[in-house]
Amino acid sequence: MVKIVVENLYYRYPEALDYALKNISFRIEEGESVAILGENGAGKTTLAKNLNGLLKPTEGSVKIDGVDTRSLSVAKIARKIGFVNHNPEHQFFAEKVEDEVRFGLRNFGFSEKEADKIIQEVLSVFGLEEYRGRNPFQLSGGEKKRLAIASIMAWRPEALIVDEPTIGMDYAQKLNIRRVLRSIVSEGRCVIVITHDVDFAASICERAIVLSRGEVIGDGRLRDLLSDDKLVEKSSLRKPFLIELEEETGLTGLEEDFDAISSILMEVFQKCRS
């Protein structure tokens, strides 16, 4: 499985006066679940694009399984590290949902028979079977996001980077995406989530890397970092709901019952709306 090593990474966009990323170093081991958090403009998406080779470091290095990304094509990196853009329309190519999933499979050499089977499976997992003949651009925001993730997961990359996976999704859809991402982690593959949704991040990721103004200001156990009042304030984040609940009530271990508590809260929310 894939390992990612970032050493003294600096990145500056062409014509920009300052660096978007400054002196960033960390390792992501196989099977880790990592959230990249921070305020708007902190450099989260820029970092993600350096991790999957869409951008190359201005200084320093990013290595995938010991190989510098400068020496690898974007396509070769994508076979190992899938990237789901925060705007799903930016990665759509086909005129039908099923062909959108097929596109990547063809590029990576899957046979038509293999592709047909995989397409059926991923459309079912992501609740998109009824839309297989529809134009991807005619889907709702949440459906587009699910299709974007499904089209990448179809070729089963060793690591997955998802930029803002919950945008445009209702609570039930979030639970489905969380289930899928958790299953990927359980298979020993790496998941990297870029999000402002700290509750979603806390339900997926053990570790967090927190950015502020292009620099890493925190790297460690997500729960510990997001319990730190100063760090939370500096990064313009908030504490996950379950951490706040523990602090208010004195109860502990609530994250171990996240699924049960989420289900109860969902029922309460639905009753309040009715």
Side-chain angles (χ1 to χ4, degrees), residues 2-29 32-64 68-70 77 81-87 90 145 159-167 178 181 185 190-241 243-244:
V2 69
K3 293 184 180 180
I4 302 170
V5 178
V6 179
E7 294 181 323
N8 308 119
L9 169 64
Y10 287 79
Y11 183 80
R12 182 171 59 197
Y13 287 98
E15 310 304 325
L17 297 177
D18 196 10
Y19 287 96
L21 299 175
K22 306 169 188 175
N23 197 29
I24 292 178
S25 298
F26 58 81
R27 298 172 61 95
I28 296 179
E29 304 291 342
E32 276 201 277
S33 52
V34 183
I36 298 178
L37 307 173
E39 76 273 9
N40 287 333
K44 302 185 297 296
T45 297
T46 302
L47 176 57
K49 289 182 177 180
N50 272 271
L51 297 183
N52 81 329
L54 287 174
L55 300 176
K56 309 295 186 181
T58 304
E59 299 176 31
S61 66
V62 176
K63 294 180 180 179
I64 310 298
D68 196 303
T69 56
R70 292 186 183 91
I77 296 173
I81 303 177
F83 176 70
V84 180
N85 199 296
H86 74 279
N87 186 339
H90 290 174
K145 197 69 178 187
L160 179 69
I161 302 173
V162 192
D163 196 351
E164 296 293 354
T166 59
I167 286 180
R178 180 164 62 85
L181 294 181
V185 174
C190 178
V191 170
I192 301 169
V193 178
I194 303 165
T195 184
H196 288 90
D197 188 339
V198 292
D199 294 305
F200 183 82
S203 73
I204 300 289
C205 303
E206 292 288 332
R207 175 183 172 193
I209 296 171
V210 183
L211 300 180
S212 182
R213 298 183 180 181
E215 299 181 84
V216 173
I217 62 171
D219 181 358
R221 186 169 176 253
L222 183 146
R223 178 180 176 79
D224 295 336
L225 293 178
L226 294 185
S227 297
D228 185 327
D229 292 326
K230 291 183 179 179
L231 182 70
V232 168
E233 181 179 1
K234 184 174 181 179
S235 55
S236 298
L237 297 171
R238 67 169 181 82
K239 294 181 181 181
F241 172 74
I243 290 179
E244 291 184 327

Applying side-chain contact (heavy atoms from CB on, under 4.5 Å), run through V193 and F200 and close with a yes or a no. CA-CA 9 Å; V193 178; F200 183 82; 4.3 Å; yes

Applying side-chain contact (heavy atoms from CB on, under 4.5 Å), run through R70 and S61 and close with a yes or a no. CA-CA 8 Å; R70 292 186 183 91; S61 66; 4.2 Å; yes

Begin with the C-alpha distance, continue with both residues' side-chain angles, and end with the deciding distance and a verdict on side-chain contact (heavy atoms from CB on, under 4.5 Å) for I24 and Y11. CA-CA 10 Å; I24 292 178; Y11 183 80; over 6 Å; no

Does the side-chain contact (heavy atoms from CB on, under 4.5 Å) test come out yes or no for L211 and V216, once each step is laid out? CA-CA 5 Å; L211 300 180; V216 173; 3.6 Å; yes

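A salt bridge is absent between K56 and D68; no separation between the charged side-chain nitrogens and carboxylate oxygens falls under 4.0 Å. For the pair D229 and K239, the salt-bridge criterion is met [side-chain N within less than 4.0 Å of a carboxylate O].
Looking only at distances, no side-chain donor or acceptor of R12 sits under 3.5 Å from a matching main-chain atom of E59. Distance alone, capped at 3.5 Å, places no donor-acceptor pair between the K145 side chain and the I167 backbone. At least one donor-acceptor pair closer than 3.5 Å links the side chain of E39 to the backbone N or O of R213. Remark: side-chain polar atoms of S235 are not paired, donor with acceptor, to backbone N or O of G38 under 3.5 angstrom. Within the 3.5 Å criterion, the main-chain N or O of T46 finds a donor-acceptor partner in the side chain of N50.
Distance check, rounded to the nearest 0.5 Å: CD1 of I64 to CD1 of I77 gives 6.0 Å. If you take CG on N23 and OH on Y10, they are separated by 3.5 Å, rounding to the nearest 0.5 Å. Taking OG1 of T166 as the reference point, atom CD1 of I204 lies at 10.0 Å (rounded to 0.5 Å). Summarising the geometry, atom CG belonging to N52 is positioned 7.0 Å from atom CD1 belonging to I81; distances are rounded to the nearest 0.5 Å. Atom CG of L51 and atom CZ of F83 lie 9.5 Å apart (nearest 0.5 Å). Expressed to the nearest 0.5 Å, how far CG of N85 lies from CD1 of I194 amounts to 9.5 Å.
Within 6.0 Å of the CD atom in E206, the count of heavy atoms belonging to other residues, nucleotides or ligands does not exceed 12.
Annotation for E29 and E32: closest pair N-OE1, 2.8 Å, computed over non-hydrogen atoms. The two residues I217 and S212 come nearest to each other via the heavy atoms CD1-CB, 3.7 Å. Of all the heavy atoms in L225 and G218, the pair that sits closest is CD1-C, 4.0 Å. What you find for T69 and P57 is that their closest heavy atoms are OG1-CD, 4.1 Å. Nearest heavy atoms, S25 versus N8: OG-N, 2.7 Å. Closest approach of T195 to P165, counting heavy atoms only: CB-CD, 4.3 Å.
Inter-residue side-chain proximity for C205 and V34 is flagged as unmet; no heavy-atom pair is nearer than 4.5 Å. By the 4.5 Å heavy-atom criterion applied to side chains, I209 and K44 are not counted as neighbours. By the 4.5 Å heavy-atom criterion applied to side chains, L160 and L181 are counted as neighbours. Counting heavy atoms from C-beta outward, R207 and D219 have side chains that approach closer than 4.5 Å. Side chains of T45 and E164 form no contact here, defined as non-hydrogen atoms less than 4.5 Å apart. Here the side chains of I192 and I4 are in contact, with some heavy-atom distance below 4.5 Å.
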